[in-house]
Amino acid sequence: MTTLSASLNARFASESEIENWDKHVTANPNGGNLLQSAAFAAVKRNFGWDIRHLVLEPTGGAGGEAAQPSYNLVLEKSFPLLGRFWYLIKGPDVASVEDIPAALDAVRDLVRRERLGVFAVKIEPDIVDSEEARAVLARAGLVKVPNLQPNDSTAVLDIGSEPHLVLKSISSRGRNAVRRAEREGVEVVEAEPTAANYRTMHELMTGTLTTKSRTGAQVRGLDYYRQFWTEFTSRGQGRLYFVYENGRPSVGAFVINYGRKGTYKDGGSLQNRSQYGDSHLVQWRAINDVKALGCTEYDFCGTPPAAQVKDKEHPFHGLGLFKTSFSKTVTDFVGCWDFVIDPARYRAWSLAGERIARQLYTRRTGQQFY
């Protein structure tokens with residue numbers, strides 16, 4: 001993997017590049033992310049965001065192997081008096097944190113060259129968190145802000161080896177749960193992507209048909225998930241799984257394959273189930289399915305930060321225990337940072353603008369802002 005050139009140009013993608021968007025994103029230096037996909041762009045377009053397709057490419061040789069361009073999804077909103085705000089969701093997708101200052105310089109040049117009126121850009125690259133990485137971002141003038149995505153801390157399992165070696169790599173607790181469920185005849189079913197099954201999945205996620213699950217994780221409305229799941233399944237990038245108990249679904253999981261990455265995106269279950277290891281077996285089935293599609297890593301999509309995995313007071317404690325029974329190591333990414341282009345307008349945004357915008361959008365639509 002090569003880093004981008006120290007000198008970069010930012011431009012908008014051509015029609016041809018947009019038509020082949022997923023092919024380009026999954027070839028990015030860091031392999032892309034499902035939240036940069038064409039499917040996700042279609043979802044966000046219907047939930048209050050304008051879409052930009054951004055390309056970062058080297059302008060000169062850096063010696064040796066040619067550097068790769070980077071294709072990034074930009075979510076855009078416009079606000080009276082402030083102008084435009086960009087959210088480079090899970091981007092910029094670069095190989096190294098050292099590439100980010102040059103990437104953002106190129107973005108600022110594009111904004112000024114095209115007179116786009118963007119006052120700030122929120123980034124959240126999949127760069128592993130460290131003091132060194134944070135220092136690079138701080139020196140580039142970025143402002144650390146609260147994280148937004150559940151997998152800014154997550155458990156990732158290497159699934160590149162043979163299945164028996166992957167199973168051997170997980171904890172004894174996880175292996176025993178999988179094997180016992182298999183012995184006792186627990187069956188995992190890949191469900192058809194129908195409106196009825198989506199409604200059932202959403203009920204498993206919420207437990208009580210509210211907007212908050214028993215785990216403390218925020219759950220959006222059914223309309224959002226229906227479109228989200230449909231966009232991915234229609235492209236062959238998503239699968240819905242159920243385990244049944246007493247004739248009705250008791251465990252559900254929605255899993256995405258995007259490039260070399262599999263992701264356990266959504267999950268839910270009934271309480272007081274009698275089938276031991278059912279949730280583990282769902283994951284084992286999904287891991288093998290996405291592995292067969294060429295995925296080499298599996299993201300369990302959200303745990304407490306590494307330093308808080310054992311904290312019983314953390315709202316994701318139970319989820320963390322389950323997910324780290326597959327992958328013992330929690331990976332923390334650097335999370336969200338704001339790149340300020342217009343300091344005066346950004347100051348107004350950070351003092352009150354963002355809070356007001358989020359409140360008004362949620363009040364008007366019932367949906368989350370980001």
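Hydrogens, waters and symmetry mates are skipped; everything else that's a heavy atom, side chains included, is used. Everything quoted here is computed from the prediction, not taken from an experiment.
- Hydrophobic cluster membership of V330, counting Ile, Leu, Val, Met, Phe, Trp and Tyr whose side-chain heavy atoms lie under 4.5 Å apart directly or via other members: V309.
- For K122 and W86, the positive end is not near the middle of the six-membered ring at less than 6.0 Å and at most 45° from its axis.
- Cation-pi geometry between R358 and Y361 is not met at under 6.0 angstrom from the ring centre and within 45 degrees of the axis.
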Test side chain to side chain contact (heavy atoms under 4.5 Å, CB included) on N28 and V25 and set out the steps.
CA-CA 5 Å; N28 273 350; V25 171; 4.1 Å; yes

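- A salt bridge between E245 and R273 is absent, with no side-chain N of the basic residue lying under 4.0 Å from a carboxylate O of the acidic one.
- Counting heavy atoms from C-beta on, the side chains of V255 and T263 never come closer than 4.5 Å.
- Taking the six-membered ring for Trp and thresholds of 30 and 60 degrees, Y87 and W49 have ring planes inclined between 30 and 60 degrees apart.
- The pair E203-R199 fails the salt-bridge criterion, with no side-chain N (NZ, NE, NH1 or NH2) lying under 4.0 Å from an Asp/Glu carboxylate O.
- Legend: residues meeting salt bridge (charged side-chain N to carboxylate O under 4.0 Å, His left out) with D152, ordered by chain and number and at least two apart, are K90.
- L351 CG: more than 12 foreign heavy atoms inside a 6.0 Å radius.
- A donor-acceptor pair under 3.5 Å links the side-chain atoms of K323 to the main chain of G302, judged by distance alone.
- Y198 pairs by the ring pair (Phe, Tyr, Trp, His ring centres under 6.0 Å) definition with W229, not counting sequence neighbours.
- Between W21 and Y71, the two ring planes are perpendicular [angle over 60°; tilted spans 30° to 60°].
- Aromatic pair F326/F300: centroids less than 6.0 angstrom apart.
- When side chains are defined from C-beta on, Q308 does not count as touching F316, because their heavy atoms never get closer than 4.5 Å.
- Around the CZ atom of R115, the shell of radius 6.0 Å holds no more than 12 heavy atoms that belong to other residues, nucleotides or ligands.
- Remark: the R52 side chain and the N72 side chain contain no N/O donor-acceptor pair separated by less than 3.5 Å.
- A salt bridge links R134 to D129: at least one charged side-chain nitrogen sits closer than 4.0 Å to a carboxylate oxygen.
- E17 places a side-chain N or O within 3.5 Å of a backbone atom of S14 that can act as its donor or acceptor partner.
- Cation-pi geometry between K44 and F228 is not satisfied (NZ or CZ under 6.0 Å from the ring centre, within 45° of the ring normal).
- Results of the side-chain contact (heavy atoms from CB on, under 4.5 Å) test with V243 over V188, L270, L281 single out V188 as the only residue that passes.
- Between R239 and D289, no side-chain nitrogen of the basic residue sits less than 4.0 Å from a carboxylate oxygen of the acidic one, so the salt-bridge criterion is not met.
- No donor-acceptor distance shorter than 3.5 angstrom exists from the side chain of S7 to the backbone of T59, with no hydrogens or angles considered.
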